[in-house]
J.: 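Structure provided below as structure tokens; questions to follow.
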Amino acid sequence: MNLGHQDSDGSKGVLFVNFNQDCTSVAVGTKTGFKLLSISSVDKLDNIYESDQVEDISIVERLFSSSLVAIVSLTSPRKLKVCHFKKGTEICNYSYSNTILAVRLNRARLIVCLEESLYIHNIRDMKVLHTIRDTPSNPTGLCALSINSDNCYLAYPGSSTIGEIQIFDALNLRAVMMIPAHDNPLAAIAFNAQGTKIASASDKGTVIRCFSVPDGQKLFEFRRGVKRCVAISSLAFSIDSMFLGVSSNTETVHIFRLEGPKEKPAEDPQGWVGYFSKALSAPATYLPSQVTEMFHQGRDFATVRLNFTGVRNICALAIIQKVPRLLVASYDGYLYIYNIDPTDGGECTLLKQHRLDGKIESLSSAPSTTNAPTTLGQASAAIATPGTSYASAVKHHRDLPTHTPPGQQLERAVDEEDRETIPGLPAYTNFRLDDSKEFPPVHHNVESP
């Protein structure tokens, strides 16, 4: 969630917050830099990496649990930098014609979203494979990329006036279909982990719909509420696609269960029971379609009552130590972790809250919750030393108007020690980023967008 271009007071200095693709870490961009925090337990957050040299980070996206990060700063909002944070090296950078509003990654593609165009990069060598130009105005950078490299679908608004979802195959570089999802413009979209479902909400925020991909068949429809319209902040599937979390600018986070329709009996029940059922269902055929649709819309399975309202936030359904949890990261600088009962649902309980800025505070200054905030854990052994940090690697880097090939960057950043510790690495032509074996190497033959 990019807050760098929102009208906010920035009381906590948080400009960006987002979870990685498998919700094992959270990335935080602030006015003073950025940090990556590991979510391996409920009780504490471990500091994976932190940089305080690059200011006003509006976007920082990490590729799964690897060392590849893509960052954008408000000081250079049109420039994307792709870095290997553990080795403190910049792989490449690109400059675009307009402000970068969002970046999405999976193991095959990197997507850069501008207000009226999308750039599709091959993550193996960062080459621009395709550009989708003249898209409908998209000032918030709304887009979604499936984290599944086989079902590598990209979704973005197909209209600025109604809720159309354009599905694009980012692997084979072809348009797939357009889904007429809502009557109002889109506010949020999200794929499930398998890339076989997509959820959507409009700027009205009352109805959540789920469609199959790539055929666009409507699978589920849920009603978040009827009393008021809200601004949906995020949609998030659970890893098994059985649940869907929805957060907004209200104090309630809704969790819906994605259950298939129950099988109908082969024959209508006989006797007075069948007659009574028919008598109740018959008037529905005379009611307006909007009313009859409400009878078929599902209600939430579980809810979370936040201790704040009107604060932008993003939610995720994660597995922490083999137990399902709901995560809520908010612009007020906190990460909230809630328990979920996957059987009975109901009200979720707050287990822990953590400050995302790493500061320690007293109970009197903390938000009013049942749990005291937890301080951040110590940095892990994987953190780069100051001499090889990202900030030191790019401190004297030239500000080029267009992208700089990775080979030129690596010639300065990769030394003999790097080549000795990475067997089979050709001199300055192939750089293994997969220290976590998460993605293939980056080559130097990169084209400018």
J.: Cation-pi check for F222 against R299: NZ or CZ below 6.0 Å from the six-membered ring centre and within 45 degrees of the axis, yes or no?
T.: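 Ring-cation test returns no.
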J.: Quick one: which of H254, R257, R224 gives a side chain to side chain donor-acceptor pair (under 3.5 Å) with D300?
T.: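 With D300 as partner, side chain to side chain donor-acceptor pair (under 3.5 Å) holds for just one option, H254.
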J.: Do the two ring centres, one from Y331 and one from F16, sit under 6.0 Å apart?
T.: no
J.: Can the ring centroids of F220 and F256 be said to lie less than 6.0 angstrom from one another?
T.: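 That pair fails the under 6.0 Å test.
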J.: Say whether N339 and R325, considering side chains only, have a donor N or O and an acceptor N or O under 3.5 Å apart.
T.: yes
J.: Between E61 and R104, does a salt bridge (Lys or Arg N to Asp or Glu O under 4.0 Å) hold up when you go through it step by step?
T.: CA-CA 7 Å; E61 295 282 357; R104 300 287 182 264; 3.6 Å; yes
J.: Which residue in the set I314, I189, V246 passes side chain to side chain contact (heavy atoms under 4.5 Å, CB included) when paired with L235?
T.: V246
J.: Between the side chains of D52 and T32, is a donor N or O closer than 3.5 angstrom to an acceptor N or O?
T.: no
J.: Looking at the rings of H354 and Y336, which for Trp means the six-membered one, are their centres under 6.0 Å apart?
T.: no
J.: Check whether the ring centres of F243 and F301 lie less than 6.0 Å apart, and answer yes or no.
T.: yes
J.: Could you tell me if S241 and N192 have a donor-acceptor pair between their side chains, going purely by distance under 3.5 Å?
T.: yes
J.: Less than 3.5 Å apart, any donor N or O on the side chain of T250 or T252 sitting next to an acceptor on the other?
T.: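 Per modelled atom types, T250 and T252 side chains form no pair under 3.5 Å.
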J.: Determine whether the side chains of N20 and S25 contain a donor N or O and an acceptor N or O closer than 3.5 Å.
T.: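 Per modelled atom types, N20 and S25 side chains form a pair under 3.5 Å.
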